[in-house]
Amino acid sequence: MTWQDDAEALWGSEWRQPLSEVAGVASKTAIRWGKAGACPPQIERWLAETVASLPAGQHRAYGGALRAALWAHDGALDVLGRVQEDLEAARLP
């Protein structure tokens, strides 16, 4: 399974916008990742670990809940702190 497959498992075929919100980057960045087939290793690892840890059939529900929690808390979720810190440290063009 690729990181794109993991993102699609969480958010469906329109995964770029939700991924950008979770990663704390512009949507254009997530689109660029999708076109290039590469994203920061921290994001790839987070996606793989998240999808692997969820029970079968719960991926989309979790993806939706995560997105709703981000909106409710203005992006300030502790669960994403590690991913955002790692992303800042590895800032890709």
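When side chains are defined from C-beta on, Trp33 does not count as touching Ser20, because their heavy atoms never get closer than 4.5 Å. Contact annotation: the side chain of Arg16 never approaches that of Lys35 to less than 4.5 Å [non-hydrogen atoms, C-beta and beyond]. Residues Leu19 and Ile43 form a side-chain contact, since some pair of their non-hydrogen atoms from C-beta on lies under 4.5 Å apart. Residues Asp6 and Thr50 form no side-chain contact, since every pair of their non-hydrogen atoms from C-beta on lies 4.5 Å or further apart.
Cluster membership for Leu47 and Ile31, using ILVMFWY side-chain heavy atoms within less than 4.5 angstrom, is not shared.
Glu8 approaches Ser13 most closely through the heavy-atom pair CG-N, 3.9 Å. Nearest heavy atom pair, residue Arg60 against residue Ala9, reads CD-O, 3.2 Å.
Here OG of Ser53 is found 11.5 Å from CD of Gln58. Values are rounded to the nearest 0.5 Å. Taken from CD in Gln4 to SG in Cys39, the straight-line distance is 7.5 Å, to the nearest 0.5 Å.
Applying the ring pair (Phe, Tyr, Trp, His ring centres under 6.0 Å) rule to Trp3 yields the partners Trp15; only residues at least two apart in sequence or on another chain are considered.
The backbone N or O of Gly63 lies less than 3.5 Å from a partner atom in the side chain of Trp11, making a donor-acceptor pair. Side chain of His59 to main chain of Leu10: no donor-acceptor pair is present (N/O by atom type, distance under 3.5 Å, no hydrogens or angles).
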Arg67 vs Gln17, test: side-chain contact (heavy atoms from CB on, under 4.5 Å). Steps then yes/no. CA-CA 10 Å; Arg67 209 170 172 203; Gln17 181 64 38; 3.5 Å; yes
